[in-house]
Engineer: 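Sharing a structure below in structure tokens format, with a few things to ask.
Read the numbers this way: they start at 1 and go in the same order the structure lists the ligands and their atoms. Nothing fancy with the numbering, it's 1 onward along the sequence.
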Amino acid sequence: MEQIVKTKEQGNLIVISAPSGAGKGSVISRLLEREPNLWLSISMTSRQIRDNDIPGVTYYFVTKEEFEQKIKEGTFLEYATYNGNYYGTPRDKIREKLDEGKDVILEIEIQGALKVKELVPDAIFIFILPPTMKELRRRLVNRGTDSMEKILDRFQTAYKEINEVTKYNYVVINDELDKAVEKVHAILLSERCRVDRIEEVYLNNMEEEVHELLVEKDLDNSIREI
Ligand code: 5GP
């Protein structure tokens, strides 16, 4: 039977940002395990490969020159420089995935997020925060991979980034990972139910509907009588 409303089949574009140490990576990977209707865009970067990187999975790694060539070719939906390296979102697969009905996640920093906001104003912007600055400091120090100078740098950047939180639509505090994942998932599910996703409403006028119901009732009765 026809549903009362037909909603857009297209997925939503979701932008997720967070200062480093907020646990954005863990939230997103849990979310991907939980929700099959999601697709995470793989960015391109000119930064050095780290131990836990898998080329083609965590990022597409290119040289600075290759990245600049790709900027000229119009490869990116957005790109930014962050800590002296280029990062960009390749535009090619995004439209295809949205048309397949998938929600597409961009895990990007703030300058890039603001560019996406200009291009796609109805994208959904989520900011993930650590519970406190003290906890952020603890997480950055406990990683044990960075020098104190780098940690300080990240900490200062985090302060600046957190000031931009009001430019986003949602803020999720990552105090407990499971809860944070649940909240982001709830946002995605709620966004799917927005009335502005309705494309058509199939409502007969009420008299017609009542008449049809009566006829159906008669039919039911006559079937029962037989
Ligand atoms: P990392 O080098 O630690 O993996 O990432 C550094 C920052 O770059 C993170 O805030 C990450 O979200 C951001 N980033 C990753 N990919 C992109 C991208 O395609 N565009 C932009 N603007 N930022 C990105």
Side-chain angles (χ1 to χ4, degrees), residues 13-32 38-64 66-95 97-98 104-120 123-130 136-137 139-147 149-165 167-168 170-172 174 180 184:
L13 185 62
I14 325 277
V15 176
I16 303 187
S17 306
S20 80
K24 173 183 54 173
S26 318
V27 172
I28 293 175
S29 55
R30 288 277 189 95
L31 201 61
L32 290 169
L38 280 181
W39 184 76
L40 174 66
S41 158
I42 303 172
S43 295
M44 198 170 277
T45 183
S46 65
R47 82 146 158 73
Q48 291 290 311
I49 302 183
R50 295 185 195 133
D51 283 350
N52 51 358
D53 276 319
I54 307 170
V57 176
T58 48
Y59 285 105
Y60 298 112
F61 292 94
V62 292
T63 62
K64 187 169 165 270
E66 282 167 336
F67 198 103
E68 284 167 352
Q69 180 59 30
K70 294 205 180 283
I71 296 174
K72 284 194 204 135
E73 290 165 4
T75 302
F76 302 111
L77 176 71
E78 64 70 39
Y79 71 92
T81 44
Y82 187 87
N83 286 341
N85 298 305
Y86 284 120
Y87 292 85
T89 305
R91 63 169 86 240
D92 60 347
K93 292 210 187 83
I94 293 180
R95 173 59 43 207
K97 296 291 171 187
L98 290 172
V104 169
I105 296 197
L106 309 184
E107 183 196 336
I108 61 179
E109 52 69 67
I110 290 163
Q111 308 164 67
L114 296 180
K115 278 186 216 153
V116 175
K117 199 170 183 180
E118 279 170 28
L119 295 168
V120 191
I124 298 150
F125 295 83
I126 305 176
F127 201 90
I128 298 180
L129 277 182
L136 182 73
R137 183 175 166 277
R139 289 182 193 172
L140 289 177
V141 173
N142 280 6
R143 272 182 181 180
T145 48
D146 291 329
S147 63
E149 196 189 336
K150 268 235 166 94
I151 293 174
L152 265 175
D153 224 36
R154 284 179 196 274
F155 200 57
Q156 274 171 345
T157 309
Y159 258 99
K160 282 188 220 139
E161 289 175 336
I162 291 168
N163 275 320
E164 307 281 349
V165 67
K167 297 191 174 132
Y168 286 65
Y170 296 95
V171 60
V172 170
N174 183 16
V184 178

Engineer: Heavy-atom contact under 4.0 Å between Phe76 and ligand 1?
Structural biologist: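 No; Phe76 lies far enough from ligand 1 that no heavy-atom distance drops under 4.0 Å.
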
Engineer: By number and element, which atoms of ligand 1 are closer than 4.0 Å to a non-hydrogen atom of Ala80?
Structural biologist: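 Those qualifying, in numeric order: 22 (N).
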
Engineer: Does the residue Ser20 have a heavy-atom contact with ligand 1, meaning some pair of atoms that are separated by less than 4.0 Å?
Structural biologist: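 Heavy atoms of Ser20 never come under 4.0 Å of ligand 1.
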
Engineer: Any chance the side chains of Thr89 and Glu78 put a donor and an acceptor closer than 3.5 Å?
Structural biologist: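 The answer is yes; a qualifying pair exists.
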
Engineer: Taking both backbone and side-chain atoms of Gly88, is any N or O found less than 3.5 Å from an N or O belonging to ligand 1?
Structural biologist: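 Yes, at least one N or O pair falls under 3.5 Å.
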
Engineer: Can you tell me which residue and heavy atom of the protein come closest to atom 1 (P) of ligand 1, and the distance to 0.1 Å?
Structural biologist: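 Going by distance alone, atom 1 (P) of ligand 1 is nearest to Tyr59 OH, 3.5 Å.
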
Engineer: Can you list the ligand 1 atoms lying under 4.0 Å from a non-hydrogen atom of Arg50?
Structural biologist: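 Every atom of ligand 1 under 4.0 Å from some heavy atom of Arg50: 1 (P), 2 (O), 3 (O), 4 (O).
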
Engineer: Hey, which atoms in ligand 1 end up nearer than 4.0 Å to a heavy atom of Ser43?
Structural biologist: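 In order of number, 16 (N), 17 (C), 18 (C), 19 (O).
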
Engineer: For ligand 1, indicate whether the residue Glu78 contacts it via side chain, backbone, both or neither (heavy-atom separation under 4.0 Å).
Structural biologist: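 Only the side chain of Glu78 comes within reach of ligand 1.
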
Engineer: With a 4.0 Å cut-off, would you call Lys167 and Glu164 a salt bridge?
Structural biologist: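 Result for this pair is yes, salt bridge flagged.
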
Engineer: So if I count the atoms of ligand 1 from 1 in the order they appear, which ones are less than 4.0 Å from some heavy atom of Arg47?
Structural biologist: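 Checking each atom against Arg47, I get 1 (P), 2 (O), 4 (O).
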
Engineer: At under 4.0 Å between heavy atoms, which part of Lys24 makes contact with ligand 1: side chain, backbone, both or neither?
Structural biologist: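 Contact part for Lys24 vs ligand 1: side chain (C-beta onward).
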
Engineer: Testing Ile128, Ile126, Leu129 for side-chain contact (heavy atoms from CB on, under 4.5 Å) with Val171, which one passes?
Structural biologist: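 So the option named by the test is Leu129.
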
Engineer: Measure from NZ or CZ of Lys70 to the centre of the six-membered ring of Tyr86 and say whether it is under 6.0 Å with the direction within 45° of the ring axis.
Structural biologist: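 No, a cation-pi geometry is absent between Lys70 and Tyr86.
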
Engineer: How about CD on Glu73, more than 12 heavy atoms from neighbouring residues, nucleotides or ligands closer than 6.0 Å, or not?
Structural biologist: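 Above 12, so yes.
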
Engineer: Could you list which atoms of ligand 1 come closer than 4.0 Å to a heavy atom of Tyr82?
Structural biologist: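 Result: 6 (C), 7 (C).
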
Engineer: How close does the nearest protein non-hydrogen atom get to atom 2 (O) of ligand 1, and which residue and atom is it?
Structural biologist: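 Looking at atom 2 (O) of ligand 1, the protein heavy atom closest to it is Tyr87 OH, 2.5 Å.
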
Engineer: Using a distance-only test with no angle check, is there a side-chain donor-acceptor pair under 3.5 angstrom linking Ser17 and Tyr168?
Structural biologist: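 There is such a pair between these side chains.
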
Engineer: In terms of residue, atom name and distance, what is the protein heavy atom nearest to atom 23 (N) of ligand 1?
Structural biologist: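 Sorting protein heavy atoms by distance from atom 23 (N) of ligand 1 puts Glu109 N, 3.2 Å first.
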
Engineer: Examine Phe67 together with Phe76 and report whether their ring centres are nearer than 6.0 Å.
Structural biologist: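 Between Phe76 and Phe67, which both carry aromatic rings, the centre distance is below 6.0 Å.
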
Engineer: Under 4.0 Å between a Lys/Arg side-chain N and an Asp/Glu carboxylate O for Lys64 and Glu68?
Structural biologist: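 Yes, charged N to carboxylate O under 4.0 Å.
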
Engineer: Between Asp53 and Arg47, does any NZ, NE, NH1 or NH2 come within less than 4.0 Å of an OD or OE carboxylate oxygen?
Structural biologist: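 Yes.
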
